[in-house]
2 protein chains.
Amino acid sequence: MVLLIISNNSKITRILTKNSNRNMYFHNFEKVFKIEICLFMKNAKLQAFIPLLYIVWSDDLLTEKEVLTLQEFIDSQDWLSQDEKQLLFSKITISNPPSRQDITDWKKKIEQTIQDHPAVKSIFEIAVALSQNDVVIHDTETSFIKLENDLGILGAEAISNFKTKAKTYTVTQQTEASFDVQKITDLLDGEQAPIINKVKSIISRPEFKYETVTDIGVYRQKVYDWCKILAQENLGNMAYPKQYGGGENIADYFSIMETLSYHDLSLVIKFGVQFGLWGMSVQSLGTEKHYAKYLKDIGTLKLPGCFAMTETHHGSNVKGLETTATYHHENQTFTIHTPHEKAQKEYIGNAALHGQMATVFAKLIIAGHDYGVNAFVVPLRDENGTVLKGITIGDCGHKMGLNGVDNGTIRFDTVVISKENMLDRFASVNDKGEFESPIPSDNRRFFTMLGTLVGGRIGIPRSALAAAKSGLTIAIKYSDQRKQFGPEGGSEVPILNYRMHQRRLLIPLAKTYAIHFALHYLTKRFLNKKEAEMQEIEALAAGLKSYSTWSTTAILQECREACGGKGYLSENRIDALKNDTEIYTTFEGDNTVLMQLVAKNRLSEFRKSFGAVPH
Amino acid sequence: MVLLIISNNSKITRILTKNSNRNMYFHNFEKVFKIEICLFMKNAKLQAFIPLLYIVWSDDLLTEKEVLTLQEFIDSQDWLSQDEKQLLFSKITISNPPSRQDITDWKKKIEQTIQDHPAVKSIFEIAVALSQNDVVIHDTETSFIKLENDLGILGAEAISNFKTKAKTYTVTQQTEASFDVQKITDLLDGEQAPIINKVKSIISRPEFKYETVTDIGVYRQKVYDWCKILAQENLGNMAYPKQYGGGENIADYFSIMETLSYHDLSLVIKFGVQFGLWGMSVQSLGTEKHYAKYLKDIGTLKLPGCFAMTETHHGSNVKGLETTATYHHENQTFTIHTPHEKAQKEYIGNAALHGQMATVFAKLIIAGHDYGVNAFVVPLRDENGTVLKGITIGDCGHKMGLNGVDNGTIRFDTVVISKENMLDRFASVNDKGEFESPIPSDNRRFFTMLGTLVGGRIGIPRSALAAAKSGLTIAIKYSDQRKQFGPEGGSEVPILNYRMHQRRLLIPLAKTYAIHFALHYLTKRFLNKKEAEMQEIEALAAGLKSYSTWSTTAILQECREACGGKGYLSENRIDALKNDTEIYTTFEGDNTVLMQLVAKNRLSEFRKSFGAVPH
């Protein structure tokens with residue numbers, strides 16, 4: 001094998017033929033090489049090359065280009081004899097590398113030299129020491145350093161590799177909290193601590209064990225059952241007036257939404273659809289007669305319902321909804337109708353399976369005149385869950401996430417409802433069959449109606465916040481345990497010790513704290529709102545809803561990547577957190593559209609702050 | 001009702017009590033208001049206020065603050081009598097808004113004025129015209145414009161709203177291609193057009209209908225069956241030497257990977273595990289005897305196998321793998337062993353169900369000495385799929401995506417394999433039982449072995465590229481059809497017409513074209529690689545793998561959001577594209593770690609380009 005290699009290497013072949021006094025080579029090549037090595041190790045001058053040879057052979061980077069660089073350098077050194085040069089050439093033949101023993105010997109020599117001369121600071125200085133301070137070597141300093149440079153050898157780094165042996169790095173222990181956890185918990189929970197603890201204790205019960213099947217039917221039923229337990233615990237009706245069995249505590253309601261989000265996000269959304277969207281639409285858009293008739297049953301989940309606003313063709317532009325509610329004065333009824341397939345209600349939570357009623361947004365038509373979008377309570381199913389005549393339900397099917405929520409489509413084929421089913425806080429039909437409203441502009445009335453529902457834009461970002469907190473907790477805890485790489489010869493270190501990993505997780509952590517307090521500020525503003533502040537609060541809610549949900553999307557993305565393969569396994573929850581919150585940037589107002597609302601509000605205020613600009 | 005409102009409004013109550021000559025008011029309030037309106041419409045001076053009143057009542061923004069601003073303005077106008085002021089105050093009472101008829105009348109007046117005076121350019125000029133050019137009004141210009149400003153009324157915008165009526169905007173048609181689609185297809189496909197078209201035609205067959213069940217078992221079997229069809233079509237063995245039944249065409253192999261990615265990504269990964277990772281590891285790390293024994297059966301999928309490198313405790317830091325392969329010279333065997341639970345192989349594709357063999361990376365131990373990580377072919381199951389003695393298989397279970405791939409864990413309990421199962425291209429045990437390798441450094445040998453597998457870092461980004469193309473095609477086509485909002489009174493416009501939407505989709509589209517050509521450049525460099533270029537090509541592959549897969553993650557995120565709720569429904573495929581490619585940023589080398597490799601390479605080159613820096 002050695003013969004083969006030598007005969008394939010023109011330079012070495014040349015030595016073998018040219019040097020007649022080395023005829024012996026032809027007889028025993030293995031022995032020749034041993035003699036060469038022996039000569040090499042004894043020739044002090046040549047020993048100056050040991051550090052270079054060790055480094056190029058021990059690192060992972062020796063390439064043909066580097067071999068060429070070394071060869072050129074050797075060739076240009078006048079102080080080397082032709083034989084010495086050829087000997088050195090033989091040490092840098094890729095196809096005939098040194099043995100493991102050679103490399104080990106070189107390493108020992110270098111380490112010994114460093115021990116003997118602790119002041120050495122560069123590869124060159126080691127070379128000089130190895131050459132037993134040969135004057136000739138001293139003179140090569142400039143070209144030697146240039147060579148190191150051309151080879152990409154970082155001298156100081158190489159020296160420290162020989163020296164350290166990983167004695168200094170032992171930061172392998174996990175991080176301990178350096179602050180009072182209870183104090184920061186108190187600060188975060190604030191006055192809502194009792195309800196937060198109550199919810200945490202409920203979702204920690206065995207019956208709230210995570211549902212991990214991929215069967216949508218099973219998952220939806222489980223989430224529905226969970227909602228019933230929460231209703232029994234009087235969590236669903238928390239925001240409703242006391243006279244209808246509620247807790248009359250909106251602050252607690254938001255904290256319930258947020259705390260439930262530490263568990264299963266399908267549960268939060270199903271809960272929010274029933275008690276928030278469906279219940280609060282009745283409370284915000286209806287009047288006394290509706291409260292008396294529905295609120296108690298909604299709060300106990302005896303009457304599951306939907307919030308049927310979005311249509312296939314109208315999502316962001318809800319003003320353009322096409323479902324109609326045509327008034328008939330002769331029998332005091334409305335006919336709810338879907339004029340064409342794309343005007344069906346879509347993505348409606350609770351619709352596919354459980355909803356018995358819905359707040360339906362439809363254009364009110366009286367005597368051929370369109371009075372804009374208004375809200376009506378429309379029955380969908382009887383108490384046994386049988387879909388009523390005129391109602392067609394579709395199932396949105398499998399979604400990226402939130403598969404515990406039964407989103408569906410609803411079509412109305414001339415469904416007749418009683419006049420009193422109109423949610424008439426902001427508009428009504430009087431006894432003469434005429435339209436009446438304290439807000440004459442259809443546009444303004446509609447946006448006033450929507451304004452009363454702004455609470456959803458607080459509940460959703462707070463739920464998104466909780467999801468980000470869960471994701472960060474998982475990712476940071478994992479990266480404080482997961483060890484990978486480390487100093488040579490030493491233990492591996494927790495990946496959270498790497499600055500890169502800190503930057504990808506701790507900055508989002510800080511941001512999440514900031515969003516926590518921002519959303520608490522928003523909640524307070526909302527709870528203490530005055531009429532004159534509504535516009536500002538609506539813009540603030542729109543902006544924070546967008547900011548918080550986008551932040552959650554970005555943070556969970558980072559958490560997934562930071563956890564590597566473990567982050568991809570569903571059992572580690574980042575899957576569900578990420579996919580469930582994915583739609584948060586779209587529902588309760590598409591973030592991009594909401595940001596335009598924020599921009600419009602800010603620009604208007606900015607303009608006003610300047611006073612009149614002359615034309 | 002009117003009485004109630006009036007008595008709640010101190011200012012109006014004042015008029016009613018102060019103006020004795022208006023005693024009639026107390027008799028018939030409704031009539032009074034009609035008289036007032038009548039007076040108002042006849043008083044030319046007061047008509048100057050019509051545009052302001054119309055705008056504040058018709059837009060969605062009237063707030064208490066704006067009412068106050070208007071009241072202050074009115075109060076400060078000396079030219080108005082006290083009665084006139086009170087009359088105006090009555091027009092801006094939130095609790096007593098004008099009727100729909102009032103607003104309609106005001107609007108007509110304004111539109112008539114604009115028609116009569118087409119040169120008007122501001123709300124103020126309309127006011128002047130309405131006042132019949134009253135000199136007094138002329139004098140109020142400054143304060144009037146300041147008022148408009150304080151109210152946030154954009155004069156020019158308001159005027160144009162009265163004028164346009166949506167006659168000019170009718171860009172509702174969908175976009176047509178303005179270039180030769182075939183020409184650009186030719187440019188993109190290049191010489192690989194025949195194989196691309198072949199693959200497209202195969203995956204268009206009915207048997208490749210998407211599998212939509214959520215049952216992992218069904219999905220995995222479907223993907224396995226698909227792979228068998230592709231093997232029958234001689235796509236699996238495309239990169240193998242002809243003498244082992246292969247196509248000896250690596251360029252085509254990459255194009256197959258990319259084109260299959262337009263279909264199902266589990267299929268691509270299962271295909272890549274079998275024919276790329278498993279087959280190419282045998283080809284790149286083994287020698288003739290392994291090719292002869294395995295390659296043909298791998299290429300036909302008669303011998304399904306795995307690439308078992310990653311361990312639970314070692315992913316990025318593969319040098320630290322702990323599985324051992326201990327050599328026994330007495331019977332010329334290796335014992336493959338998992339020393340502890342966390343040293344099990346993890347995330348291994350094809351392991352949970354179908355793999356009969358695996359290329360296992362393990363530390364070679366000879367006579368107590370550790371020779372670093374080497375590769376061995378280890379049988380896992382017999383031909384009937386029964387797991388062999390000493391092998392323990394785990395199932396990674398449900399994942400965020402790629403659920404058609406049976407990822408699993410593998411544990412070895414002193415599994416004995418023949419000496420010839422060592423893939424011995426870069427290292428071997430000689431007849432004396434000694435370790436032999438042309439690359440003496442364990443480190444360098446291992447990275448040389450890994451270097452031969454760099455093809456995976458070309459196949460994966462090309463698959464990611466295809467996923468981005470699919471996502472963008474879905475999102476851009478949808479947004480060219482989906483209409484939302486539009487000019488008042490006009491049709492809604494496709495959302496792709498909005499600049500915001502163009503920016504979120506067309507810039508990623510351009511970037512995707514750029515990545516297409518960058519990856520084709522990388523492929524060409526790889527196919528024509530010389531030894532001296534390997535380091536550069538490895539760095540290029542590492543960089544482009546990271547860049548391309550991160551780009552795909554970001555693009556599919558944007559696509560999902562740009563498609564709103566439709567993007568969330570699994571039937572529209574962005575779900576699968578997004579979740580399947582989510583792990584692309586982690587496998588075949590974690591992007592963050594790869595980028596450090598790129599940085600190291602670039603910094604080394606950069607340093608070299610400067611020559612020696614004096615100390």
Side-chain angles (χ1 to χ4, degrees), chain A residues 57-65 95 97-100 103 145-146 149-150 152 214-215 315-317 320 346-347 396-400 438-441 443-444 447 484-485 492 500 531-532 534-535 560-561 564-565 568-571 575 579 582-583 585-586 590 592 604 607-608 611-612 615, chain B residues 57-61 63-65 97-100 103 122 145-146 149-150 152 214-215 315-317 320 346-347 396-400 438-441 443-444 447 484-485 492 500 531-532 534-535 553 560-561 564-565 568-571 575 579 582-583 585-586 590 592 604 607-608 611-612 615:
Chain A
W57 281 112
S58 68
D59 88 348
D60 318 320
L61 301 169
L62 187 63
T63 63
E64 272 186 24
K65 196 174 146 204
S95 53
S99 68
R100 291 174 62 86
I103 290 182
I145 287 172
K146 180 176 180 310
N149 199 62
D150 290 347
T214 58
D215 182 312
S316 290
N317 187 15
E346 193 166 30
Y347 314 120
C396 290
H398 196 268
K399 306 185 296 284
M400 201 178 277
I439 308 174
S441 153
N443 222 4
R444 185 159 174 263
F447 285 102
Q484 207 74 174
F485 298 108
E492 292 184 300
M500 170 70 90
E531 176 59 28
M534 274 312 290
Q535 240 182 278
R560 206 297 297 158
E561 292 181 34
Y568 201 57
L569 301 182
S570 301
E571 63 183 8
D575 173 8
N579 281 298
E582 174 61 45
I583 197 64
T585 53
T586 297
D590 178 273
T592 302
S604 297
R607 189 177 188 281
K608 282 181 206 169
H615 289 264
Chain B
W57 281 109
S58 69
D59 87 351
D60 317 320
L61 302 170
T63 62
E64 270 185 24
K65 196 176 144 200
S99 68
R100 291 174 63 87
I103 291 182
S122 69
I145 287 172
K146 180 174 181 310
N149 200 61
D150 290 346
T214 57
D215 183 312
S316 290
N317 187 16
E346 192 166 29
Y347 314 121
C396 290
H398 196 268
K399 305 184 297 286
M400 202 179 276
I439 308 174
S441 155
N443 221 3
R444 187 160 173 261
F447 284 103
Q484 205 74 173
F485 297 107
E492 290 185 299
M500 169 69 89
E531 175 59 27
M534 272 312 288
Q535 241 182 278
T553 299
R560 206 296 296 157
E561 292 181 34
Y568 200 59
L569 301 183
S570 301
E571 64 183 6
D575 174 9
N579 280 299
E582 174 61 45
I583 197 64
T585 53
T586 298
D590 178 273
T592 301
S604 297
R607 190 175 187 282
K608 284 180 206 170
H615 288 264

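A note on names: the letters A, B, ... follow the listed sequences, proteins ahead of strands, and every chain is numbered from 1. Side-chain atoms are counted along with the backbone in the values below, which use heavy atoms only and exclude waters and symmetry mates.
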Which heavy-atom pair separates A:His398 from B:Ser570 by the least distance, and what is that distance?
-> ND1-OG, 2.7 Å

Relative to chain A, which of B:Cys396, B:Gly397, B:Ser316 shows the most heavy atom pairs under 4.5 Å?
-> B:Ser316

Out of curiosity, [X] [atom1] to [Y] [atom2], how far, rounded to the nearest 0.5 Å?
X        : Y        : atom1 : atom2 : result
B:Asn317 : B:Asp590 : CG    : CG    : 12.5 Å
A:Asp575 : B:Glu582 : CG    : CD    : 9.5 Å
B:Lys399 : B:Ile583 : NZ    : CD1   : 9.5 Å

Look at A:Met534, A:Arg560, A:Glu571 and state which one has the largest set of heavy-atom pairs under 4.5 Å with chain B.
-> A:Arg560

B:Tyr347 versus chain A, heavy atoms under 4.5 Å apart: side chain, backbone, both or neither?
-> side chain

In terms of heavy-atom proximity below 4.5 Å to chain A, should B:Asn579 be classed as side chain, backbone, both, or neither?
-> both

